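Got a structure for you, questions after.
All values derive from a computational prediction rather than experimental measurement.
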Amino acid sequence: MAEETLSIDGPAFLKGEVTVGGSKNLALPLLATAPLFSSKLVFRNVPNILDVHIMLRALSSMGIDFSWGGNKLELDCSKLRYVDLISPALSELRASFLFVASFLSRFGNAVIKKPGGDQIGERPVDIHLEGLKSLGYEANFEGDVIRFKRVRQVNDAEFILKYPSVGATEQLIIASVTGSGSKVFRNIATEPEVKHLISWLSSCGGKIKFYPEQRVVEIESVSSLSAQQAFFIPGDRIEGITWILTGLLCGNNEIWVKGVHHEDLNNVSGLFESLGVQFQEDKIISKRLNDFKNLNIIAEPYPGFPTDAQPLMAVLLSQGLGVGKIKDKVFPKRFAYLSELSKLGLKFELREDTAIIVGPQKLKGNEVLARDIRAGIALVLAGLIASGTTSIKQVNHLRRGYELLEVKLLSLGAKILSDQSLEYVF
Ligand code: EPU
């Protein structure tokens, strides 16, 4: 099959209503909790994206049956069996590393491929390993495979994360929710996805106290979990920001963004309100922003500005007046996307962990590569404001996290076309 190309004809003048899908970075950890259960689970508003399908394939391989339709997913965990987690597709997906926690809880051991670094920079797992060690689990490396096993029974544990890693926080919560004794984790990540993961586990009988202000979680391990009701996955906050930015860049009339859990955007609503975006009870209204003074964005752990949205901000900054800056304290090297944006004419300067973009600039369509999911969506935004045709390759990265991307853009009035049917993706 030839590689997919996504073509956008710009500049786009958009208006209308768009509903975000369920959160990718919540759906993936939720699926990684499935091996903790022996019963049926139901999730609603599950995003139909490639990463979810990769996780589902892994669940199938361990005997967890699933059925899904209309974004409702039913899992039957009654026939769970142990398998090594070493398929190549899984190791490309960082979130699959969270199966370690549920496997260690259920089986006392896990074998998994080390997740690789990627376009957004080094992605070590040292905090995961140190935290799991405090829970009595040892990790041994054999090439790119890690063998985990329980080496001592730990009932009570306290561990301080040296950095509030989202994945390591989720790993430790999933590893501790069942078992015995009490666990305390300090300097944890407090991203909304962590909060919602805790809500899910609590709704199944987990005893977890979350103190986001103190960056602390306290867990009384319980003997088992049981899902009482379907869990609705809240809207994806990064997709929400994507549509807000689409409005600010191309909304010749209002774009109404629906389906976002507003509380999840509390950390960015002030910034967007200062750009004219309105946060109403049932929708967010975003409209084209003209002649705005350029911005200074610093991506930091929550409640800071999200690193996943900084590549999109680069496109906005190219339209601001004067000097705009983006610094990323989470992934200091997450700027590879700028060289692709420069093919559309975007000029920038990179000084260590800070990108400097002086606007306003005119962009022009060209051929570009979506090197990762957020780089890809930044290119889509840039393609929408550029004149002429932008052809995006390596579209599979966008398929990993954005459900119905063209359908939503077409409904807003964009001229966007894939040269392939979506069915091939899944
Ligand atoms: N880090 C370590 N050691 C560790 C773990 C992390 O040094 O053991 C460092 C990383 O190298 C990075 C920083 O800590 O510099 C933050 O990494 P974190 O562990 O918080 O990120 P993650 O859990 O691997 C999740 C999201 C990412 C998002 C980050 C930060 C999922 C599946 N992924 O990754 O999402 O950028 O948190 O918010 O939840 C995306 O959706 O495009 C994406 C990359």
- Would you say the side chain of Val380 lies within less than 4.5 Å of the side chain of Thr242, judging by non-hydrogen atoms?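 Of all side-chain heavy-atom pairs linking Val380 with Thr242, none is under 4.5 Å.
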- Message: Nearest 0.5 angstrom please: Leu98 CG to Gln171 CD, how far?
- Response: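 It is 5.0 Å, given to the nearest 0.5 Å.
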- Message: Using the rule salt bridge (Lys or Arg N to Asp or Glu O under 4.0 Å), only one of Arg374, Lys258, Lys408 pairs with Glu239; which is it?
- Response: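 For Glu239, the salt bridge (Lys or Arg N to Asp or Glu O under 4.0 Å) check succeeds only for Lys408.
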- Message: To check you understand the geometry: which heavy-atom pair defines the closest contact between Ile416 and Leu410, and what is its length?
- Response: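 Scanning both residues, the minimum pair turns out to be O-CD2, 3.6 Å.
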- Query: Can you find a heavy atom in the side chain of Leu90 that is under 4.5 Å from one in the side chain of Ile86?
  - Reply: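 Side-chain contact under 4.5 Å: no.
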- Task: Determine whether Asn266 and Pro303 make a side-chain contact, defined as any pair of heavy atoms from C-beta on separated by less than 4.5 Å.
- Result: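 Answer no - side chains too far apart.
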- Message: Taking ring pair (Phe, Tyr, Trp, His ring centres under 6.0 Å) as the cut-off, I'd like each qualifying pair that reaches into residues 9-40, sequence neighbours left out, listed once.
- Response: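 Qualifying pairs, neighbours excluded: Phe37-Trp200.
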- Task: Would you name the heavy atoms of Leu344 and Ala382 that are closest together and state the gap between them?
- Result: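 Reported closest heavy-atom pair: CD1-CB, 3.6 Å.
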- Item | Which atom of His262 lies closest to which atom of Lys283, heavy atoms considered |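 Shortest heavy-atom contact: CE1-O, 3.7 Å.
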- Query: Are side-chain N/O atoms of Asn71 and Glu403 paired as donor and acceptor at under 3.5 Å?
  - Reply: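 The criterion, which ignores hydrogens and geometry beyond distance, is satisfied for Glu403 and Asn71.
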- Message: To check you understand the geometry: which heavy-atom pair defines the closest contact between Phe305 and Gln310, and what is its length?
- Response: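 Scanning both residues, the minimum pair turns out to be CE2-N, 3.9 Å.
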- Item | Donor-acceptor side-chain pairing of Glu4 and Ser418 below 3.5 angstrom |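 Their side chains do contain a donor-acceptor pair, which is all the 3.5 Å distance test asks for.
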- Task: Write down the atom of Pro311, the atom of Ala378, and the distance for their closest heavy-atom approach.
- Result: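 Scanning both residues, the minimum pair turns out to be O-CB, 3.4 Å.
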- Item | Glu158: salt bridge (Lys or Arg N to Asp or Glu O under 4.0 Å) partners, not counting sequence neighbours |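 Once residues adjacent in sequence are excluded, the partners of Glu158 under the salt bridge (Lys or Arg N to Asp or Glu O under 4.0 Å) criterion are Arg186.
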- Message: When you compare the side chain of Leu73 with that of Leu31, does any pair of heavy atoms fall below 4.5 Å?
- Response: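 Yes - at least one pair of side-chain heavy atoms lies under 4.5 Å apart.
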- Message: Ring-plane angle category for Phe107 and Phe103, please: parallel below 30°, perpendicular beyond 60°, tilted otherwise.
- Response: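 The rings of Phe107 and Phe103 stand perpendicular, inter-plane angle above 60°.
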- Item | Which residues share a salt bridge (Lys or Arg N to Asp or Glu O under 4.0 Å) with Lys362, sequence neighbours left out |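 Applying salt bridge (Lys or Arg N to Asp or Glu O under 4.0 Å) to Lys362 gives none.
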- Message: So Lys325 and Ile298, do their side chains get closer than 4.5 Å, heavy atoms only?
- Response: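 No, every pair of side-chain atoms sits at 4.5 Å or beyond.
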- State, yes or no, whether a side-chain contact exists between Phe148 and Ile112 at a heavy-atom distance under 4.5 Å.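 A side-chain contact under 4.5 Å exists here.
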- Task: Can you measure from NZ (Lys287) to CH2 (Trp256) and round to the nearest 0.5 angstrom?
- Result: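 Taking NZ in Lys287 and CH2 in Trp256, the distance rounds to 13.0 Å.
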- Message: Please check if the number of heavy atoms outside Lys415 that lie under 6.0 Å from its NZ is greater than 12.
- Response: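 No - once you tally the heavy atoms of other residues, nucleotides and ligands closer than 6.0 Å, there are 12 at most.
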- Message: What I want to find out is whether Glu340 reaches Lys343 closely enough, with some N-O distance under 4.0 Å, to be called a salt bridge.
- Response: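 Counted as a salt bridge, because a side-chain N and a carboxylate O are separated by less than 4.0 Å.
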- Lys162 with Glu130: basic N within carboxylate O range, under 4.0 Å: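 Answer for the salt bridge query: yes.
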- Task: Please tell me if the side chains of Asn294 and Val323 come closer than 4.5 Å, counting only heavy atoms from C-beta onward.
- Result: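 Not in contact.
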- Between Val260 and Trp243, does a side-chain contact (heavy atoms from CB on, under 4.5 Å) hold up when you go through it step by step? CA-CA 11 Å; Val260 191; Trp243 297 120; over 6 Å; no
- Task: Check whether the side chains of Asn25 and Glu193 place a donor and an acceptor atom closer than 3.5 Å, and report yes or no.
- Result: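 Looking only at side-chain atoms, Glu193 and Asn25 do not form any donor-acceptor pair under 3.5 Å.
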- What is the distance from atom CG of Leu248 to atom OG of Ser286, rounded to the nearest 0.5 Å?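 It comes to 3.5 Å.
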- Query: Which heavy atom of Ala314 sits nearest a heavy atom of Leu346, and at what distance?
  - Reply: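 What the structure gives for the nearest pair is O-CD1, 4.0 Å.
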- In terms of side-chain geometry, is the basic nitrogen of Lys327 or Asp353 positioned less than 4.0 Å from the acidic oxygen of its partner?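 Salt bridge: yes.
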- Item | Asp419/Lys393 salt bridge by N-O under 4.0 Å criterion |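 No, no charged N to carboxylate O under 4.0 Å.
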